[in-house]
> 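Okay, handing you the structure first.
Here is how names work: the chains are called A, B, and so on, in the same order as the sequence lines, proteins then strands, and each is numbered from 1.
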Amino acid sequence: MTKTAGSAWLSWMCKMSELKKVSDFEWVIPKTGAMKVPGKIFANEKLLEGIGQDMTLKQIINVATLPGIIRESVAMPDAHQGYGFSIGGVAAFDMEKGIITPGGVGFDINCGVRILATDIPIEEMKKKVKEVLHDITRSVPSGVGRGHKEKLTVQVLDEVLKKGAKWAVEQGCGVKDDLERCEEYGCIENANPDYVSQRAKSRGLPQLGTLGSGNHFLEIQNVTDVFDEKIAKIFGIKKGRAVLMIHCGSRGLGHQVASDYIELMEKKYGHANLPDRELVNAPVNSELGKKYLSAMNCAVNFAFCNRQLITHYVREVLKSHFPNNKNSLVYDVCHNIAKIEEHIIEGVKKTVCVHRKGATRSFGPGRIEIPAVYREFGQPVIIPGSMGTASYLLVGTKRAEEIAFGSTAHGAGRVMSRTAALSDLRGEQVKKMLNDKGIDVEAGSMKGLAEEAPEVYKDIDEVIKVSEAVGLTRKVARLKPVAVMKG
Amino acid sequence: MPYKFLEHKADVKFLASGSTIERAFKASAMALQETMTKGAGVKSTQEREIDVQGDDFESLLYHFLEEFLFLLDAESFLFSEVKEIKINPVEFKLHAVVSGDDAVNYQISNDVKAITYNDMFVKHDKNGWQCLVVVDV
C-alpha cells in the first residue's frame, strides 16, 4: 500500500516525480515513459528533502531507461547528484541484454576505504598525536603535483595493475593477512594492462602510494562505541583503542581510464539516444564492454595497491612511536566499481553486472566472497563520515542482498557546493573548529579544508540510521577522529 | 579574467568567454588553473606545446583542458599561461604553447579528476564565444 508524504514540500516533490512512499524509509518512482524498471530510494523525509533539491531523482530515472537493467534503479540514503548515475546509485544489468557504463562507476575508480585496527589505547595515542600526525603527513605524500617514493617503470606498473595489493605485499609492504581482509582479496581478476592507455599509465606512474586531495583523507580515530561486541572482537576492534582510516582511490590513472573509455564508447555507440551524455555505455558482452571492465579492474588494482602502500607507510610511523604496537587490517572496501556478481533475481540465481557508484558492497553472512574469518558474520562495511565527523564500521546483511543487490551507503553525501562552502567558511575557521573538538589537522591547503568542512555534508548519523532501519547494514562500532590528514 | 564560477553542489562549474574562440578557450584554461591552484601565482619557467583534435568544439575543448591534467600528473607541470593558441575550426584542431613551472613549488588544493561533458557547451553569438565546463574534483 503506498502513501503520500506529509509535508507540503514533499507532496509537491512527490507530484513532480510521481514519487510514492512505500514505508518511512523507502520511496518508489513508478515506471513511466522510457523507464524499463521503477526507481527506488532508501531515505527518510529529511534525507529525501536534500535528494530532491538537485538532479538526483532525474538521474535515478535516467538509469532506469538503460538497456537490460534488472528490477530497479536504486539510490542509497546518501545519494546526491553525480555524472550519469547519481552518487549513491546502484543498478544491476543482464549479462546478455545489459550494458556497462563508466557513468555508473565514476572517474575515481575504486575510490575506497580501509581501517587498520591497533592495540594502542587512545590516551597513549593522544599524548603523541601531533608528532604521529606530522610524521604520517611527511611519509604519506598527498601526491598532487608531488613526487612519490616508489620509482616505477611501466613494466612494474603493469604488474601492479594485474596484482593490486598483492604486488605491494610481495615487495614486503604488508602481510598475507592484509590480502585476506580486502574486498576481492586486494587483487581483482580479469585485469589486462594492455587495455589501459599509455596516457593513463603515464598519469599513474608518479602517483602510486599517494593520497590525493579533494575528499580523500587519512584519520586517526578512537573507537567510541561498540554496538556488537562479538563481531567487533572478530574484526579486531575494541573500545578506546586507536584505529586508522585510509580513504583514497586510483588517482590520475583511474580518472584517465574513465575518460578514455567514455570517448571510445561515444565513438562506437554514440550518445544521441541517451537521456544524458554521461551515461554513454557499451553492451556488457561486447568487445568494448569487456575491455572497459578489464581496464577498470586494472584501476581497481592500482587503488588497492595504493591503499596497501599507504598502510605500510602508516605502520612504519606507528612503529617508530609505539614500537610494541600490534595492528591488523579490518577490511578494505570499494566505493566506485562495476562487478560481475551472482544475485537471486526473481528466485533464480543469476550472474549480473552490478554498478555501485558511491555505494558499498554489503553482503550478508555466508557469501563466498567474504573472507573465511568473517564469513559467518557478514562482510565488514566501512562508511566514513565527512572529514572530522564520526565514521562507522558495520556488517552486511542478507536483506541488502535481497533489496539492494548487496549494497549500502558509502558516506555522508554532499549538501553544500564547494563555491558556497568557500564563501561561507574559511579554512582557518574549519581548522579551529576541529581543534576545538579536540581534532588535530594537517591539510595541504586551507581552501581545500574549507571545501571539505563537515557542514557541507549530510549528517552521517542520519544516513546510518536509515541504512540500519531498512536493513542494508548493521552497526558494529562508531569511530571518532582525533587527528586528520587531508591531502 | 573573462570567466566566472557558477553554483554546483558537488563539483566546479565555470563559464568562460572571449571575442574569439581562441580567447574563450584560453579563458577556460585559466578557469581550470584557478580551480587547481586557487589563485596561487604560478611562474613561467618552462614551456610545453599542446596539439589536440576533436570531433566538434566541445570535444576539442575537452581534450585541450584534459591535457593540463595530464601534464600535471605525468610531468609535474603546472601551467601559468597560454602563450599562443591557434584553432582550426574546420578540422577541430588546436595548437597551443603554454608556460608554467614545476608543480612541486606550489600547493595544489584541488585535484581535478576529470573534465566532463556534463552541461558542456561552446557557443557563438553576437557577443562572442562562451564555453561552459563542469570539472569533477
Side-chain angles (χ1 to χ4, degrees), chain A residues 53-55 80-84 87 106-108 142-147 199 201-207 212-216 249 251-256 258-259 262-263 266-267 271 276-278 280 413-420 422 427 443-451 456 487, chain B residues 4-14 33-40 42 52-56 58-59 62-63 65-79 100-121 134-137:
Chain A
Q53 283 170 6
D54 57 24
M55 294 290 286
H80 62 97
Q81 184 178 327
Y83 302 106
I87 311 296
F107 286 103
D108 196 359
S142 80
V144 185
R146 299 287 201 277
R199 198 174 165 82
K201 288 177 187 176
S202 303
R203 283 181 74 177
L205 267 177
Q207 295 189 324
S213 69
N215 58 352
H216 297 141
R251 313 281 284 107
L253 184 133
H255 310 164
Q256 191 66 45
S259 294
I262 285 171
E263 193 184 358
E266 281 207 349
K267 287 221 161 84
H271 54 83
D276 177 354
R277 189 170 184 172
E278 304 277 338
V280 68
R414 247 176 199 279
V415 288
M416 193 194 283
S417 72
R418 282 166 214 271
T419 37
L422 281 179
S445 96
M446 280 299 140
K447 281 184 177 168
L449 194 63
E451 289 185 351
V456 308
Chain B
K4 58 180 176 186
F5 290 94
L6 309 174
E7 193 65 25
H8 192 286
K9 194 186 273 186
D11 290 312
V12 173
K13 185 175 189 171
F14 57 78
Q33 198 239 36
E34 187 177 329
T35 305
M36 294 193 281
T37 63
K38 293 280 177 287
V42 180
V52 289
Q53 187 166 13
D55 301 318
D56 49 29
E58 280 80 11
S59 62
Y62 181 102
H63 289 299
L65 296 178
E66 193 187 72
E67 198 64 23
F68 293 105
L69 307 186
F70 176 78
L71 288 171
L72 177 63
D73 281 352
E75 300 179 15
S76 187
F77 173 84
L78 182 60
F79 86 105
D101 196 3
D102 191 329
V104 297
N105 300 323
Y106 304 89
Q107 258 193 358
I108 297 166
S109 59
N110 252 331
D111 190 10
V112 173
K113 290 173 188 163
I115 312 301
T116 78
Y117 282 114
N118 189 264
D119 292 341
M120 183 189 266
F121 65 68
V134 178
V135 298
D136 189 8
V137 293

> Among A:His271, A:Gln81, A:Gln256, single out the residue with the greatest number of heavy-atom pairs under 4.5 Å to chain B.
A:Gln256
> Which region of B:Phe77, side chain (C-beta onward) or backbone (N, CA, C, O), has a non-hydrogen atom less than 4.5 Å from a non-hydrogen atom of chain A, or is it both or neither?
neither
> Could you give the distance from CD (A:Glu263) to OG (B:Ser59), rounded to the nearest 0.5 Å?
7.5 Å
> Hey, is B:Glu66 close enough to A:Arg203 for a salt bridge, meaning N to O under 4.0 Å?
no
> What is the minimum heavy-atom distance between A:Gly252 and B:Asp73, and which atoms define it?
CA-OD2, 3.4 Å
> With side chains defined as the heavy atoms from C-beta onward, is the minimum distance between B:Asn118 and A:Arg277 less than 4.5 Å?
no
> Within the side chain of A:Glu278, is there an N or O that forms a donor-acceptor pair under 3.5 Å with the backbone of B:Tyr117?
yes
> Considering all heavy atoms of both residues, which atom of B:Ile115 and which atom of A:Phe107 are nearest to each other, and what is their separation?
O-CZ, 4.0 Å
> Less than 4.5 Å to any heavy atom of chain A: does that hold for the side chain of B:Leu69, its backbone, both, or neither?
both
> So, taking the atom named OG in A:Ser259 and the one named NE2 in B:His63, what distance separates them when rounded to the nearest 0.5 Å?
9.0 Å
> Can you name the closest pair of heavy atoms from B:Asp55 and A:Lys267 and give their distance?
OD2-CE, 3.6 Å
> What heavy-atom pair brings A:Tyr83 and B:Val135 nearest, and what distance separates the two atoms?
OH-O, 3.8 Å
